[in-house]
Amino acid sequence: MEITGPLNIGVLDNDTGGRELHLSFKAEFRVLNLQQQAESFQEFINTLINQIHQLDESDTNRQGMLTILQVCQQLQPHIAANELPLEETIVVNIQSHNPFGNIKISG
């Protein structure tokens, strides 16, 4: 799955049997002013929604994209309020057995 947008996204398996998403903001996004960042990130969310709707429910990329969408929707108000240090990597822990019930954002 390739998702283009303001984020670099990495997925790592951790020692507890779950996975970690590592999200970092691209330099081009970090240099935008606050209003541009909020608009750009919302556009990214809208693009994700559209791409997800185009996928068949059995497509293996759909679940990953839904997870990214859920995380981005939670980050959006914090980006708009300038509450995130955009130069830091955000680590999201996801438990494999229940990816939506156990998402924890740290970092």
Side-chain angles (χ1 to χ4, degrees):
M1 160 182 60
E2 184 175 330
I3 299 174
T4 56
L7 295 171
N8 293 311
I9 302 170
V11 180
L12 301 170
D13 292 324
N14 62 27
D15 296 339
T16 63
R19 289 191 162 181
E20 292 179 353
L21 289 176
H22 288 233
L23 308 171
S24 59
F25 292 93
K26 293 180 180 178
E28 310 88 65
F29 181 79
R30 292 193 314 254
V31 298
L32 298 174
N33 67 42
L34 182 59
Q35 181 178 346
Q36 291 170 323
Q37 287 173 347
E39 290 171 2
S40 174
F41 205 73
Q42 186 59 55
E43 282 179 32
F44 175 61
I45 288 171
N46 294 342
T47 299
L48 273 176
I49 291 168
N50 290 334
Q51 289 176 345
I52 290 167
H53 286 301
Q54 293 174 10
L55 293 175
D56 187 78
E57 293 211 13
S58 63
D59 190 311
T60 56
N61 291 320
R62 187 176 170 92
Q63 183 63 44
M65 290 177 75
L66 284 168
T67 301
I68 298 296
L69 175 62
Q70 181 184 20
V71 170
C72 288
Q73 287 174 325
Q74 291 178 11
L75 292 176
Q76 174 62 28
H78 300 288
I79 290 170
N82 198 27
E83 296 174 343
L84 290 176
L86 300 182
E87 65 282 348
E88 294 184 17
T89 298
I90 299 168
V91 178
V92 180
N93 295 303
I94 301 172
Q95 299 301 316
S96 299
H97 64 279
N98 187 3
F100 287 106
N102 294 301
I103 291 178
K104 297 176 186 162
I105 298 176
S106 59

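Remember, predicted model here, so these are calculated numbers, not experimental data. Counting from 1, the numbers follow the sequence of the chain as shown.
Under a cut-off of 6.0 angstrom, the local environment of CD in Glu87 is crowded, with over 12 non-hydrogen atoms contributed by other residues, nucleotides or ligands. Surrounding CD of Gln35 are at most 12 heavy atoms belonging to other residues, nucleotides or ligands under 6.0 Å away.
At a cut-off of 3.5 Å, with distance as the only test, no side-chain donor of Asn50 or Gln54 sits close to an acceptor on the other residue.
No side-chain donor-acceptor contact under 3.5 Å links Glu28 to the backbone of Pro6. Between the side chain of Arg30 and the backbone N or O of Phe25 there is at least one donor-acceptor pair closer than 3.5 Å. Using modelled atom types, no side-chain atom of Glu20 and backbone atom of Leu12 make a donor-acceptor pair closer than 3.5 Å.
Inter-residue side-chain proximity for Gln37 and Leu86 is flagged as met; some heavy-atom pair is nearer than 4.5 Å. Using a 4.5 Å heavy-atom cutoff, the side chains of Gln73 and Ile49 are in contact.
In the hydrophobic cluster analysis, where Ile, Leu, Val, Met, Phe, Trp and Tyr join through side-chain heavy atoms closer than 4.5 angstrom, Leu34 is grouped apart from Leu75.
Asp59 and Asn61 make their closest contact through OD1-N, 2.7 Å (heavy atoms, listed as atom of the first residue, atom of the second, distance). Minimum interatomic distance between Lys26 and Leu7 (heavy atoms only, all atoms of both residues): CE-O, 3.5 Å.
For the pairing with Val71, the side chain to side chain contact (heavy atoms under 4.5 Å, CB included) check across Val92, Ile9, Ile94 returns one residue only, Val92.
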